[in-house]
Amino acid sequence: MYKTSSPKVQLPAGTYPAGLLASFAPRLIAWQREHGRHDLPWQNTRDPYRIWLSEIMLQQTQVSTVIPYYARFLERFPTVEALAAAPSDDVMALWAGLGYYTRARNLHRCAQVVTDEHGGQFPSTGEALAELPGIGRSTGAAIASFAFGARETILDGNVKRVLARVFGVEGFPGEKRVENAMWTLAESIVPGAAASDAEVSAYTQGLMDLGATLCGRGKPDCARCPFAADCVANATGRQRELPAARPKKVVPQRRTWMLVLMDGDAVMLEKRPPSGIWGGLWSLPEAADEAALAERAQAYGASDAAAKGIPLMPLTHTFTHFKLDIEPRLVEVMRDAAALEANDGAFAWVPLAQIDAYGVPAPVRKLLDGLRGPLL
DNA sequence: AAACCGGGGCA
DNA sequence: TGCCCAGGTTT
């Protein structure tokens with residue numbers, strides 16, 4: 001749910017230089033007009049449909065990738081009603097290749113809500129726009145400012161970087177406290193009430209352009225920046241420290257035992273459940289400890305003596321949220337043809353040379369690749 | 001390999 | 001209400 005006035009806290013006087021706060025918008029607008037981007041396909045229109053479509057596509061996707069998709073979408077769906085009426089498959093097919101497919105589903109749903117519940121008209125405030133599927137606070141503000149001249153601020157990753165550097169905002173922007181402070185700051189520097197719609201658009205576009213061009217993550221081009229003389233990061237050489245990086249949290253270590261069950265040159269792979277880690281991929285049978293793994297091996301026909309298996313080289317795989325230590329155990333058996341008949345697609349014996357034809361998690365593939373030479 | 005990313009779902 | 005995730009790309 002969108003919070004109208006974000007934190008209900010005023011920017012305390014003296015937190016930032018008053019001159020910089022007051023001059024920020026006019027200087028950004030002047031810079032955008034001189035040095036910003038002006039020829040993107042979704043600029044120079046005030047059609048909320050076209051602006052909305054571009055903003056959704058631009059979430060997590062760069063401009064050059066979006067451009068051809070944007071053109072195809074508009075050609076096929078010139079209006080929000082046309083998009084709303086389209087079969088889901090058509091929408092998904094046109095989106096194919098852009099990634100983040102929940103965006104496409106939300107896009108379609110949003111078009112239907114606008115058509116069915118808003119008479120085909122997009123709402124004109126960020127708050128109302130953010131009620132729609134796939135539109136959050138920042139995207140809502142972007143659409144409202146470009147399409148309706150609303151003096152509302154965006155706050156995406158680019159803008160957070162610019163504000164953190166220019167104003168010297170400390171702390172990790174992913175932290176709620178810091179993000180709230182940035183919303184307050186961003187709201188306090190939007191163009192004044194006298195600003196024209198064109199100035200409001202240039203301002204929002206300027207925030208995007210500055211973050212995307214001069215003030216990028218890697219090495220900002222401070223020499224060309226309109227705020228170089230006031231920028232805290234530039235003055236202190238802390239461009240690389242601002243904004244503060246996500247605090248490294250110690251990722252949890254997990255450990256799993258994997259059964260490399262071999263019959264000749266074939267290894268047994270199990271199909272994983274459709275959701276969760278490696279959902280739907282083919283992988284080795286797993287157990288939480290060595291004893292449990294031995295039981296699984298016996299269930300697949302290994303003798304008591306052989307079930308513990310031969311330890312292979314352990315390997316570590318890093319996920320976003322945890323590290324996984326894999327302890328492989330090699331067990332050789334004679335495959336059970338009857339069980340294979342009855343297995344219902346739950347497992348398969350696959351010659352090592354053919355595992356590339358199966359969807360196998362990268363670390364498991366690596367493990368199995370290591371087995372090919374010596375054993376054959 | 002690690003950092004980054006707006007919105008949505010969920011505790 | 002705040003935290004974390006999914007599913008990608010960039011560095």
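Just so it is clear: chains get the letters A, B, ... in the order the sequence lines come, proteins before strands, and each one is counted from 1.
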Visitor: Rounding to a whole Å, what distance do you find between Lys176(A):NZ and dC4(C):P?
Guide: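 Whole-Å distance recorded here is 13 Å.
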
Visitor: Between Arg137(A) and Trp183(A), is NZ or CZ placed under 6.0 angstrom from the six-membered ring centre and within 45° of the ring axis?
Guide: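 Pair Arg137(A)/Trp183(A) counts as cation-pi.
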
Visitor: What's the CG-P distance between Asn106(A) and dA6(C), to the nearest Å?
Guide: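 Asn106(A) atom CG is separated from dA6(C) atom P by 16 Å.
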
Visitor: Where each residue is assigned the nucleotide of DNA chain C containing its nearest heavy atom, which of Arg105(A) and Gln62(A) is assigned the position nearer the 5′ end?
Guide: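 Upstream on the strand: Arg105(A).
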
Visitor: When you check the phosphate oxygens OP1 and OP2 of dG7(B), does a side-chain N or O of Thr139(A) lie under 4.0 Å from one of them?
Guide: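 It does, given that an N or O in the side chain of Thr139(A) lies less than 4.0 Å from OP1 or OP2 of dG7(B).
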
Visitor: Which residues pass the side-chain hydrogen bond (donor to acceptor under 3.5 Å, both in side chains) test with Gln121(A), not counting sequence neighbours?
Guide: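 Counting only residues at least two positions away or on another chain, Gln121(A) forms no side-chain hydrogen bond (donor to acceptor under 3.5 Å, both in side chains).
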
Visitor: Check the distance between dT9(C)'s C1' and Asn158(A)'s CG and give it to me in whole angstrom.
Guide: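 Result: 14 Å.
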
Visitor: Side-chain donor-acceptor pair under 3.5 Å between Arg46(A) and Ser201(A), yes or no?
Guide: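 No, no side-chain donor-acceptor contact under 3.5 Å.
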
Visitor: Over how many whole Å does the gap from Gln59(A) atom CD to dT9(C) atom P extend?
Guide: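 The distance from CD of Gln59(A) to P of dT9(C) comes to 15 Å, rounded to the nearest Å.
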
Visitor: Please report the distance, rounded to the nearest Å, between CG in Leu155(A) and P in dG6(B).
Guide: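 Interatomic distance, CG of Leu155(A) to P of dG6(B): 9 Å.
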
Visitor: Going by modelled atom types, is there a donor-acceptor pair between the base of dG8(C) and the side chain of Gln60(A) at under 3.5 Å?
Guide: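 There is none.
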
Visitor: Under the 6.0 Å and 45° cation-pi test, does Arg50(A) pair with Trp42(A)?
Guide: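 The answer is no; the distance or angle limit is not met.
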
Visitor: May I have the distance from Met57(A) (atom CE) to dT9(C) (atom C1'), rounded to whole angstrom?
Guide: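 These atoms are roughly 17 Å apart.
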
Visitor: CG of Leu132(A) versus P of dG6(B): gap in Å, rounded?
Guide: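 It works out to 19 Å between those atoms.
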
Visitor: Could you check how far NZ of Lys366(A) sits from P of dA1(B), rounded to whole Å?
Guide: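 So the two atoms are 7 Å apart, to the nearest Å.
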
Visitor: Base, sugar-phosphate, or nothing for Gly218(A), non-hydrogen atoms under 4.0 angstrom?
Guide: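 Gly218(A): no heavy atom of the nucleic acid under 4.0 Å.
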
Visitor: If each of Arg217(A) and Glu175(A) is mapped to the nucleotide of DNA chain C with the nearest heavy atom, which maps nearer the 5' terminus, i.e. the 5' end?
Guide: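 The residue mapped nearer the 5' terminus is Glu175(A).
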
